[in-house]
Colleague: 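This structure is in structure tokens; I'll ask about it shortly.
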Amino acid sequence: MTCDPRVLRRPLLVGLIPAVWTVVLGLWGLSRQNSVWRDEAATWQVARRSTGDIVRMLEHVDVVHSLYYLCMHGLFAGFGPSTTVLRLPSVLAVAAAAACVALIGHRLAGAYVGLGAGLALGLLPAVQFYLQEGRPYALVAAGSAVSTLLLVNALRGRARKRTWAAYACAVLVCGWLNWLALLILPAHLMTLLWSRAPRGVRVRWAVAAGAATAGVLPLALFSLDQSGQVSWVPPLTWHMMIGPAILLAIGGLGGLLGRRTGTAERTGVAGPPDRTGRADRTDLAGPPDLAGPPDLANRAGRPGPAGTVEPPGPVTGSPSVAAVGLPLLAVPQLGLIGLSLVKPLFVDRYILFSLLGLALLMGALIGRAVDEVARRSRPAARCVLPVLVAVALVALLPQSLAKRSPASRVDDVLAAAERTRQLKHDGDGVLFIPAARRDTWLVTPDAFTGTRDIALAETPEESGTLKGVEASPARVRAAMLAQRRILLVTDATGVARPTRGRRDRTKAEVLATHFTLVSDERIRGRRVAVYERLAPTGRG
């Protein structure tokens with residue numbers, strides 16, 4: 001298998017191939033053996049509510065994901081709830097991001113760099129994880145890729161008013177999906193400065209960036225009142241920065257070694273001299289303007305000696321791959337670390353879009369490898385990319401399989417619900433410790449038909465919350481003592497955190513004192529236990 005030069009001459013195919021490749025990776029094991037973990041369960045149960053109930057909930061919790069929840073509500077209403085509907089938007093979003101990354105690499109350094117970057121994105125382990133995740137992080141990555149592609153077009157002299165309007169809209173949508181996506185703006189600013197963009201471009205960028213920020217600012221300010229939602233994020237420690245340090249080292253290496261990538265494609269020197277002694281000017285990937293049509297001054301090349309035409313040089317003001325990729329990788333990572341010094345926020349998924357920069361830099365490395373091989377053998381150079389992708393796919397196969405198994409997530413809501421369905425009896429009471437484990441019922445209510453949630457005072461819809469409002473400890477105690485049989489859904493050992501709330505301590509105390517454990521099963525990170533009432537002993 002080799003890269004057909006006819007394919008590489010067509011920018012559309014350079015973007016399409018990584019997109020199709022990423023969709024295939026995403027559809028592979030999409031259902032994860034019909035499992036849904038707790039974060040996806042939040043999406044599932046909110047998406048099933050009415051629009052009014054969702055808006056009421058956003059006033060109290062999760063406003064940062066408001067746009068995503070409303071979009072998923074529309075999809076669930078149109079196609080019904082399922083793991084496919086839950087995760088397919090993420091698959092398509094990463095596919096769009098891969099296409100954009102490929103086009104960026106193609107325009108900056110040639111088709112091999114673009115193809116390499118687009119194919120590499122879908123293989124990154126973290127991307128494979130969120131590729132099949134029913135959460136908004138893949139959509140943020142797609143919007144970030146679109147905005148970066150628009151910025152590159154602007155730097156290459158192709159910007160019109162609608163380009164900057166589209167850029168502002170892309171950043172705005174990203175911010176409404178997660179306002180931490182605004183960290184892409186300082187990354188783009190660094191690209192502008194690195195590339196020595198003309199003043200007019202910088203001014204137009206500032207206007208577009210300011211408009212997008214102004215549109216996201218109300219959401220960011222409102223979400224500060226709900227900051228308790230991220231209270232579980234631990235304070236920043238040195239060992240948490242090992243991952244970012246490794247990514248930055250790989251990215252820096254890609255920027256350093258790939259700085260001359262695309263030379264063969266721009267100059268047409270793709271192989272050794274032919275039999276006549278003339279240098280072979282046939283580009284590996286097609287015509288000299290493979291990286292994208294240059295500006296009018298360079299489109300046709302310059303007249304050379306003896307009436308020949310020299311190949312066109314790079315577009316004036318066009319940024320390098322490093323100028324785009326390194327800031328895109330480094331600035332969000334360092335920015336989130338800086339924010340985490342003020343309030344713990346460092347969670348890698350919040351800046352998944354920074355891996356777009358890593359993919360671009362990996363594409364530069366691949367392009368450099370192609371250039372080096374091309375100096376010796378043009379046919380061999382066409383095999384470099386397929387071989388590298390095949391080797392990476394095989395090397396990452398264990399990780400790829402692991403990320404498509406239920407064990408890749410901390411728990412499985414559907415498995416616990418199915419076991420509850422098998423163990424329940426009509427009239428059973430049900431308890432959830434902590435109350436957030438009520439998502440088992442909210443995602444699969446039919447599994448609990450015939451039972452009663454004995455601690456619940458207000459449903460999630462009535463209270464505008466994710467988990468509902470439970471009764472006072474005294475009322476919970478009385479309701480438990482009125483039951484002959486109770487089903488408990490909680491976290492498995494190793495997943496469970498210490499019971500802190502008074503209500504949950506009351507539940508545990510009454511079960512230990514007045515009930516006997518008759519069944520206790522641990523399944524995929526959750527525990528489903530059955531308790532039966534002890535014979536009365538005259539005590540309260």
Colleague: With rounding to the nearest 0.5 angstrom, report the CZ to CG distance, R87 to L131.
Modeller: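 It is 11.0 Å, given to the nearest 0.5 Å.
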
Colleague: What I'd like to find out is whether the side chain of M190 reaches to under 4.5 Å of the side chain of L326, using heavy atoms alone.
Modeller: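 Side chain of M190 against side chain of L326, heavy atoms only: no contact under 4.5 Å found.
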
Colleague: Are the side chain of Q132 and the backbone of R404 linked by a donor-acceptor contact shorter than 3.5 Å?
Modeller: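 No, Q132 side chain to R404 backbone: no donor-acceptor pair under 3.5 Å.
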
Colleague: If you compare all heavy atoms of L58 against all heavy atoms of Q226, which two are closest, and at what distance to 0.1 Å?
Modeller: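 That closest heavy-atom pairing would be O-NE2, 3.0 Å.
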
Colleague: Does any non-hydrogen side-chain atom of I250 lie less than 4.5 Å from one of L358?
Modeller: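 When only atoms from C-beta onward are counted, I250 and L358 do touch, with a gap below 4.5 Å.
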
Colleague: Does Q128 use its side chain to pair, donor to acceptor, with the backbone of S400 at less than 3.5 Å?
Modeller: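 Checking the backbone N and O of S400 against the side chain of Q128, no donor-acceptor pair under 3.5 Å is found.
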
Colleague: OH of Y137 to OH of Y68: how many Å apart, nearest 0.5 Å?
Modeller: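 So the OH of Y137 and the OH of Y68 are separated by 9.5 Å.
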
Colleague: May I ask you to check whether S90 and R135 show a side-chain donor-acceptor distance below 3.5 Å?
Modeller: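 No - no donor-acceptor pair under 3.5 Å links their side chains.
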
Colleague: Looking only at non-hydrogen atoms, find the nearest pair between P319 and A323 and report the distance.
Modeller: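 It is CB-CB, 4.2 Å.
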
Colleague: Keeping the roles fixed (side chain from W164, backbone from A154), state whether a donor-acceptor pair exists under 3.5 Å.
Modeller: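 No.
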
Colleague: Should V324 and T148 count as side-chain neighbours, where that means a heavy-atom distance under 4.5 Å?
Modeller: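 With C-beta onward as the side chain, the pair touches.
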
Colleague: Which value, rounded to the nearest 0.5 Å, describes the distance between Q33 atom CD and T83 atom OG1?
Modeller: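 With rounding to 0.5 Å, CD (Q33) is 11.5 Å from OG1 (T83).
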
Colleague: Kindly indicate whether the side chain of F353, heavy atoms from C-beta on, has any atom under 4.5 Å from the side chain of C174.
Modeller: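 No. Closest side-chain heavy atoms not under 4.5 Å.
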
Colleague: Working to the nearest 0.5 angstrom, can you tell me the gap between L189 CG and W205 CH2?
Modeller: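 L189 atom CG to W205 atom CH2 measures 4.5 Å (nearest 0.5 Å).
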
Colleague: Using every non-hydrogen atom in the two residues, find where R32 and P406 come nearest and quote the distance to one decimal.
Modeller: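 Smallest interatomic distance, heavy atoms only, reads O-CG, 3.4 Å.
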
Colleague: Do L355 and L247 have side-chain heavy atoms sitting under 4.5 Å apart?
Modeller: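 A side-chain contact under 4.5 Å exists here.
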
Colleague: Just so I know, are the side chains of T43 and H65 near enough to count as touching, which here means a heavy-atom distance under 4.5 Å?
Modeller: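 The answer is no, as the side chains (C-beta and beyond) never meet within the 4.5 Å cut-off.
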
Colleague: Pairs in or reaching into residues 181-204: which pass ring pair (Phe, Tyr, Trp, His ring centres under 6.0 Å), with residues at least two apart or in two chains?
Modeller: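 Of all non-adjacent pairs touching residues 181-204, those that pass ring pair (Phe, Tyr, Trp, His ring centres under 6.0 Å) are Y167-H188.
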
Colleague: Any side-chain heavy atom of Y350 sitting closer than 4.5 Å to one from V230?
Modeller: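 Yes, their side chains come closer than 4.5 Å.
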
Colleague: Give, for atom CD of Q399 and atom CZ of F129, the distance between the pair rounded to the nearest 0.5 Å.
Modeller: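 The distance works out to 11.5 Å.
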
Colleague: Here's a test for you: under salt bridge (charged side-chain N to carboxylate O under 4.0 Å, His left out), which of R38, K403, R349, R409 qualifies with E133?
Modeller: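 When R38, K403, R349, R409 are each tested with E133, the salt bridge (charged side-chain N to carboxylate O under 4.0 Å, His left out) holds only for R409.
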
Colleague: Quick one: are L121 and L360 in side-chain contact, heavy atoms under 4.5 Å?
Modeller: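 L121 vs L360: side chains apart.
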
Colleague: So L345 and S340, side-chain contact (heavy atoms from CB on, under 4.5 Å) or not? Walk me through it.
Modeller: CA-CA 5 Å; L345 280 174; S340 297; 3.9 Å; yes

Colleague: Quick check: closest heavy atoms across V146 and A170, and the distance to 0.1 Å?
Modeller: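 Residues V146 and A170, closest heavy atoms: CG1-CB, 4.3 Å.
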
Colleague: Got a second to check how far M72's CE is from L86's CG, nearest 0.5 Å?
Modeller: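 Answer rounded to 0.5 Å: 5.0 Å.
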
